[in-house]
Amino acid sequence: MKMKYESERPLYLDSSQPIDRRIEDLLARMTLEEKIGQMCQYSGITGEYERMIREGRIGSLLNVVGVDETNRVQRIAVEESRLGIPLIFGLDVLHGYKTIFPIPLGLASTWDPDAVREAASIAAAEASAEGIHWTFAPMVDIARDPRWGRIAEGAGEDPYLGSVMARAYVEGYQGKSLSEPDTIVACPKHYVAYGGAEGGRDYNTVDISERTLREIYLPPFRAAVKAGAKTVMSAFNDLNGVPSSANPYTLRTILRGEWGFDGFVVSDWNAIGELIVHGVAGDIYEAAEKALMAGVDMDMQGDVYNRALLRLVKEGRIPEESINEAVRRILRVKFMLGLFERPYVEAERAKRIVKCKEHLEAALKIARKSIVLLKNEGNLLPLSKHIDSIAVIGPLADDREAPLGPWSCLGDPRDVITVLEGIKSKVSPRTRVLYAKGCDVEGSSRDGFDEAISAAKESRVAVVVVGESRDMSGEAACRAHLDLPGVQEDLLKAVYATGTPIVMVMMNGRPLSISWPAEHIPAILETWFLGIQAGRAIADVIFGDYNPGGKLPVTFPRTVGQVPIYYNHKNTGRPPAPNIKWTSKYLDIPYTPLFPFGHGLSYARFEYSGLEISPLEVWRGDVVRVRFKVKNVGDCEGDEVAQLYVRDVVASVTRPVKELKGFRRVTLKPGEEETIEFTLTLEDISFLNYEMRRIVEPGEFKVMVGSSSEDIRLTGSFIVKEYVELPLWG
Ligand code: BGC
C-alpha cells in the first residue's frame, strides 16, 4: 500500500507552508488511533512493530541503528503507512556516537563549555549521518552522592557549572537550526531531581525541599530549555510523593508554565507503567491518564498509551484535545527536523563523517582537557620520554573496554588506545616498558602481584592504572563503598613497598575514596573514562606533551561516611572547629573533603593578583565587575581555571558558604599574565526567599576568587544598597 495523493499534494507535505499550518492540516487528517500512535515509542524493531508502523501506530523508535536499518524501517513509515509520517529515531548519544569522548563527568572536568559543545556537535554529526534524529542527552541531574552510579553521566554537583554545561550540550547537539542535516534534538533528563535518590540507590525515592528543588536541581534543566532543547525526559523517581512522570507541578506548572517550554516530554523507559508499581495508579488506564494529564506526551517502551488512551478518550475520561496537544508537540519537532523532506540518510555521507580524522583529533584534544592532576608531589610528573625503564601495571593499563565508560553508544573497544599503548608509542626506543596486570578490577586474587612487584623493582617508575570497570557506574550501578574495588589498593601498596615511585592513573565513573593513595602515592591523575583516545591523552600528560588543567566538578570524600559532601553547603549554627567538640564534625575523620570541588593541579604555577570590584555599592540595575590578574609563574605553558565564588553574608534565609558564579579556563605561556573579568548581575546574586520569590537583599556579599573552592587566592566584598525583587526565572 503506497501513500498517494495523486491529484493534490496535501498541505502538510508542502515545506513552504508554516509549521503550524502543516501541523493542523496533518492533525485534521489523522484518526484517533494514528494520533495515539505518534505518542508511542518502542525499542528495537520486530515484525509486530513493523505492522504497527504500517498502521500508523508508532511515532518513534529507539535503539534502531545503522544507515541501512534506519532507512529500511523509515521506509515502512513513510511509504507504507496511510499518512506517511516519518518516525523519529532516538538513541542515547551521551558522549559520542562512534567517536567516543570522555564520559560527561570527565567532560565537565574540562570546565570548558566550548569543548563540550564541540563533543556534542561531533556526536550529532555522526549520529545524524547514520539516521538518528534525537539523543536522550544531556543528562543534567545534579549529583551530590557518588554512590549513585549515574553521577558519571552528568556534570557533577554544582548547579552553575551544570547549567553552563547543559547549555553547551544543547547548543552542540541542536546546532544553529534543527533543520540542518547534522543536528539532532536534545533531551535533557531525567526531569527532575533523579540524582537526589536516597542512599545513592538508583530509582530510589527523592524527598527534598522546594528550595533545594528550585535552587539546586532545576537550574540545569532551565538552562537546557532556555538554550532551546526541544524535548525533555520525565524521570523514574518519586519526588516528594509524586512520581516525576505524573507530576503536574514540575511538568506543567514549572516546565511549561514558568519556562514556556514548547517541545514535547517523553517518559523514561516504562516510567508510565511504573506508576502502578509506585502505587499511584491502580491499572494502565489510571497510569496513562495521570501521565498524560501531567504533561507526558510520549510513552517510552511502556506500551501503556498504546493500550489505554483510546479507551480513555472513548469513555470521556480524557478529552481528545489533550491527545491533540501532545501530538502537535511531537509533530512540531518532526517538522522542525525536516523529517518530511529528508526522511532517509545516505551511506556515502556517513562513511565520510563517522570516525573521520578530525573527529578523532577532537576526541584526543578534549580527552586531554578532561584529565585532572590531583597530586604531584616533588614534581614527579611529567616523566622524561628518555627514562630507561618504566613499569606499566594494573588491571586497567591495557584494558580496551573501560575507557569507553558507561553509555558509550556505538563505541567500539577496538578503537580504544590503552594506556600501555599510549606509553609505548611515546617513550624513546631505548626505554624498557614492562607490563604486569597485577590483578583484576574486582575479585580477591593476588596471583599477579609478584609479577607486578618485579616489574616495579626493575623500573625507575611505575605507572599503576586502577579504578572501576565501565559497568560499575551508569544506570543501576550504585555502590555502597567508594573504595578502589577488589584488591587494587593492596596492589598499590605492594608496588609502593618496592620503593619505586608511583604515578597512579585512575579510571572511574565517580569520585572514589582514595585516602591511602592520596597520602602515599606521589602523583595521581584522575582520568575518568576518557573515550577512544584515552591512552594517547594520558601518555601526553604523563610525558609532558600536554599540561593537565582539568578541575574536579565534584567533591572527593575521604570515606563514604561523609556522603553527601559538597562545597556549597550551609554554614550551620555550629560550623566545624577543630578543637571544639560541640561543632558539626566527626569523631573519627576530618570533616573536610579529600579533594575539594574545583581542585586540579598543573605543571605550571599560577599567581592571582589585583582584585578589583566595582561598584562597591550596588543598586538596582547595576552589574558588578570582578576583575583580577592571573599569571603563569611556572616554566611551561599551562591552563588555569579561575573560579569566582560569592557568599551572601546575611540574608533572610540561610545561604551557602560559597556558590560558584563564574569560571574561565585560560592558557598562559610562562611569564604571561591575563586580566580576567567576570560580571555579576543581580540575578546571579539573588536567591529565593521564604515565599519562593526571587530577591536580592541589601547587605554584604563576599567575593572569593581562586584555583579551587578551597584554594581561594583573592577576597573582597561589595554591598547591595537596596532590596530588589526579580522575575522568578531570568
Ligand atoms: C534510562 C534513560 C535512557 C533510556 C533509554 C533508561 O533506562 O534511565 O537514561 O535514556 O533508558 O535508553
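Each ligand, and each atom within it, is numbered from 1 in the order the structure gives.
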Worksheet item: Between E286 and K290, does at least one N-O distance fall below 4.0 Å, as a salt bridge requires?
Response: no
Fill in: Residues K189 and D92 bridged, charged N to O under 4.0 Å
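Looking at D92 together with K189, the answer is yes, because their closest N to O distance falls below 4.0 Å.
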Item to complete: Would you kindly say whether S81 and E55 are connected by a side-chain donor-acceptor distance under 3.5 Å?
Response: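 No pair is found: no donor N or O on one side chain lies under 3.5 Å from an acceptor on the other.
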Discussion item. We want to know whether N306 and D303 form a side-chain donor-acceptor pair, criterion being a heavy-atom distance below 3.5 angstrom.
Written reply: yes
Under 3.5 Å, which donor-acceptor pairs do the side chains of residues 221-236 form with other protein atoms, sequence neighbours left out?
| from | atom 1 | to | atom 2 | distance (Å) |
| --- | --- | --- | --- | --- |
| R222 | NH2 | G730 | O | 2.5 |
| K226 | NZ | G730 | O | 3.2 |
| K230 | NZ | D262 | OD1 | 2.9 |
| T231 | OG1 | W134 | NE1 | 2.9 |
| T231 | OG1 | A186 | O | 2.8 |
| S234 | OG | S245 | OG | 2.7 |

Worksheet item: Among N237, I208, N204, D145, whose side-chain contact (heavy atoms from CB on, under 4.5 Å) with E198 holds?
Response: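 Passing option: N204.
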Discussion item. Just to be sure I understand the cut-off, which residues have at least one non-hydrogen atom under 4.0 angstrom from an atom of ligand 1?
Written reply: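 Ligand 1 pocket, heavy atoms under 4.0 Å: L62, D92, F136, R150, K189, H190, M233, F236, D268, W269, M300, W407, E475.
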